[in-house]
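Every chain is numbered from 1, with letters handed out A, B, ... down the list of sequences. What you see is a predicted model, and the numbers here were worked out from it, not measured in a lab.
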Number of protein chains: 2
Amino acid sequence: MLTKTEENYIKEIFTIETITKKDVSTNSIAKKLDTKPSTVTDMLKKLATKKLLSYQKYKGVKLNNKGKTIALSVIRKHRLWETFLVKKLNFSWDEVHEIAEQLEHIKSDKLTNRLDQFLGFPTVDPHGDPIPNANGEFTKTKTICLTKLTINTESIFVEVKNASDKFLKYLSKNNIAIGSKIKILYIEEFDNSVDILVNNKQINVSESVAKNIYLNN
Amino acid sequence: MLTKTEENYIKEIFTIETITKKDVSTNSIAKKLDTKPSTVTDMLKKLATKKLLSYQKYKGVKLNNKGKTIALSVIRKHRLWETFLVKKLNFSWDEVHEIAEQLEHIKSDKLTNRLDQFLGFPTVDPHGDPIPNANGEFTKTKTICLTKLTINTESIFVEVKNASDKFLKYLSKNNIAIGSKIKILYIEEFDNSVDILVNNKQINVSESVAKNIYLNN
DNA sequence: AATTATTTTTAGACTAATCTAAAAATAATT
DNA sequence: AATTATTTTTAGATTAGTCTAAAAATAATT
Ligand SMILES: [Mn+2]
Ligand SMILES: [Mn+2]
Ligand SMILES: [Mn+2]
Ligand SMILES: [Mn+2]
């Protein structure tokens, strides 16, 4: 049985690994988990003896299958709870992450699966992130970043990277939500900001905003 | 912010205090929490410095208002989650306690209150225990133990003491549930077992069973 | 290739929660 | 009242998770 801390390390390593597709460095984990590298080293040694990942001094870590299974289980719970909070308890999408950080550590497969059923086996969470099923499988649909979208093509907003509450609130304020139809009109050469048409209204969003919006492809 | 462990101590002290109506002894806490008395002493000192209870060496402890408020908040969450599990996720009443032991430590007033609303502001949990409202208030209805019921009077089963899963399963097996109409027919002098009529069927239950069944008064 | 910068690990210390063993206080019996 | 039993506390040790400071390894620059 893993502790909450161990689960958080495994989950974070999985996420970094998925993005970078390389061995995960001590420092990158420390930054994400807001701890010191020395603390991370200690934990990596422990997780290695628990056979959840392979660790070589100075070379970073790589999750093995056991570690990946645990990561997917925690992510599954996180996203199911976020969905529950939004769909059943009427939370907004910028309020759910912190609470899900707690709920993702509740240990009961029966609870997780009943919750899944209660929600109608959702495939994506309120931020458009895929929800792994009971076997840890999920279909990751191909999405395209707003910055890469062809001019004048309309597409549907399906996923948000950087689910910080500040960013999510910004989107809500501008009536940009999962499911919104977005058309890109013009990319400003100077600062890479983008003119977009959303809900028949034209607005300009900065490059850093555009980079976090992903659409159907 | 209290740790899970601290919350469990506070909750247990509250429960013992409610039953015994006396200062709570170190040993009684140790037994209930399955720890050693020396461990309890350390924790009592800590909780005293945090001003949640008054502690005098060798004299036991008594929760103050701050401590009681915390206890009621944890109990509220525990019973709301049990209700959620039974009413919304179709768990049986003997499966929910362990999961609620985890969920009761989730920290978010908004979540607790939204859950309360989602459930329709229930006043009792699946075992007939009262659920404190957002202000920590609850109405404790007067109940009478099956052993004290007048012969041939019918009454409704409203609360179960000793919510161990074994006991709850025993009741379910005999079709005795919260809401069941029970009439007491005869008390056996020899072993204090009781003949009762439940759902038009006569059965005999032992004294230790009868002692844990409480009915409307 | 040598120097400098960055990353990672080691060493030693701290807090929270726990334990065992022994001492001290309180309660119960003779 | 003295003795015995029980309860509670103290003292010292352990594990998980964290930190700081220093050492070692690796990477980047001159
Ligand atoms: Mn999240
Ligand atoms: Mn999410
Ligand atoms: Mn319970
Ligand atoms: Mn209950």
Side-chain angles (χ1 to χ4, degrees), chain A residues 1-13 16-17 19-63 67 70-71 74 101-102 104-107, chain B residues 1-13 16-17 19-63 67 70-71 74 101-102 104-107:
Chain A
M1 188 76 92
L2 296 192
T3 66
K4 187 192 261 193
T5 309
E6 288 168 336
E7 285 188 344
N8 280 332
Y9 273 85
I10 294 289
K11 183 182 63 156
E12 204 51 58
I13 293 165
I16 299 170
E17 204 171 73
I19 294 166
T20 65
K21 280 150 189 157
K22 281 190 232 160
D23 287 9
V24 179
S25 74
T26 303
N27 262 8
S28 67
I29 300 168
K31 264 166 208 150
K32 283 286 186 173
L33 292 180
D34 200 32
T35 54
K36 301 293 164 185
S38 56
T39 307
V40 174
T41 302
D42 284 350
M43 183 56 82
L44 295 182
K45 285 177 181 171
K46 183 156 61 126
L47 295 174
T49 62
K50 288 199 174 190
K51 302 235 187 301
L52 302 172
L53 47 78
S54 57
Y55 166 69
Q56 287 174 278
K57 265 193 192 181
Y58 296 102
K59 300 285 179 187
V61 290
K62 195 194 266 289
L63 288 184
I70 288 162
V74 177
E101 283 293 306
Q102 299 180 59
E104 71 188 9
H105 303 290
I106 301 293
K107 285 170 178 62
Chain B
M1 188 76 91
L2 297 193
T3 66
K4 189 192 259 193
T5 310
E6 288 169 337
E7 285 187 345
N8 281 332
Y9 273 84
I10 293 290
K11 184 182 63 155
E12 203 52 56
I13 293 165
I16 299 172
E17 204 170 71
I19 293 166
T20 63
K21 281 150 188 157
K22 282 190 230 158
D23 288 9
V24 179
S25 73
T26 303
N27 261 9
S28 67
I29 300 167
K31 263 165 210 150
K32 283 286 185 172
L33 293 180
D34 200 31
T35 53
K36 300 293 164 183
S38 57
T39 306
V40 174
T41 301
D42 284 349
M43 182 57 81
L44 295 182
K45 285 176 181 173
K46 182 154 63 125
L47 295 174
T49 62
K50 288 199 175 190
K51 303 233 186 304
L52 302 173
L53 47 78
S54 58
Y55 165 69
Q56 286 173 279
K57 266 192 192 179
Y58 296 102
K59 300 286 179 186
V61 290
K62 194 193 268 289
L63 289 184
I70 289 163
V74 177
E101 283 294 306
Q102 299 180 59
E104 71 187 8
H105 301 291
I106 302 293
K107 284 170 177 62

_dT18(D) phosphate, OP1 or OP2, under 4.0 Å from Thr39(A) side-chain N/O_ = no

_Distance in angstrom units between Asn27(B) CG and dT6(D) P, rounded_ = 12 Å

*CE/Met43(A) to CG/Leu53(A) distance, rounded to the nearest 0.5 angstrom?*
10.5 Å

*Phosphate OP1/OP2 of dT9(D): any Tyr55(B) side-chain N/O under 4.0 Å*: yes

*Would you say a side-chain N or O of Lys45(B) is under 4.0 Å from OP1 or OP2 of dT10(D)?*
yes

*If each of Lys4(A) and Thr26(B) is mapped to the nucleotide of DNA chain D with the nearest heavy atom, which maps nearer the 5' terminus, i.e. the 5' end?*
Thr26(B)

_What is the distance, to the nearest angstrom, from the CG atom on Leu44(B) to the P atom on dT10(D)?_
11 Å

*Would you say the side chain of Tyr9(A) lies within less than 4.5 Å of the side chain of Thr39(A), judging by non-hydrogen atoms?*
yes

*Spacing of Lys57(A) atom NZ relative to dA23(D) atom P, expressed in whole Å*: 16 Å

*Under 4.0 Å between a side-chain N/O of Thr5(B) and OP1 or OP2 of dA16(C), yes or no?*
no

*Report the distance from atom NZ of Lys36(A) to atom P of dC14(C), rounded to the nearest whole Å.*
18 Å

_Tell me if the side-chain of Ser38(A) makes a donor-acceptor pair with the base of dT20(D), cut-off 3.5 Å, by modelled atom types._
yes

*Please report, rounded to the nearest Å, how far the P atom of dC19(C) is from the CG atom of Asp42(B).*
11 Å

*asked:* Return the NZ to CG distance between Lys32(B) and Asn8(B), rounded to the nearest 0.5 Å.
replied: 13.5 Å

_Among Glu6(B), Glu17(B), Glu101(B), exactly one meets salt bridge (Lys or Arg N to Asp or Glu O under 4.0 Å) together with Lys11(B). Which residue is that?_
Glu101(B)

*Could you grab the distance from atom CG of Leu63(B) to atom CD1 of Ile70(B), nearest 0.5 Å is fine?*
9.0 Å

_Side chain of Tyr58(A) (C-beta onward), nearest among dT10(C), dT8(D), dA25(D)_ = dA25(D)

*Taking CD1 from Ile29(A) and P from dT8(C), how many angstroms apart are they, rounded to a whole number?*
9 Å

*Interatomic distance, Asp23(B) CG vs dT8(D) C1' [rounded to whole Å]*: 15 Å

*What is the base-pairing partner of dT30(D), counting Watson-Crick and G-U wobble geometry with both distances under 3.5 Å?*
dA1(C)

*Quick one: look up who dA11(D) pairs with, Watson-Crick or G-U, both distances under 3.5 Å, and put none if it's unpaired.*
dT20(C)

_Rounding to an integer number of Å, can you tell me how far Lys59(B) NZ sits from dA25(C) C1'?_
10 Å

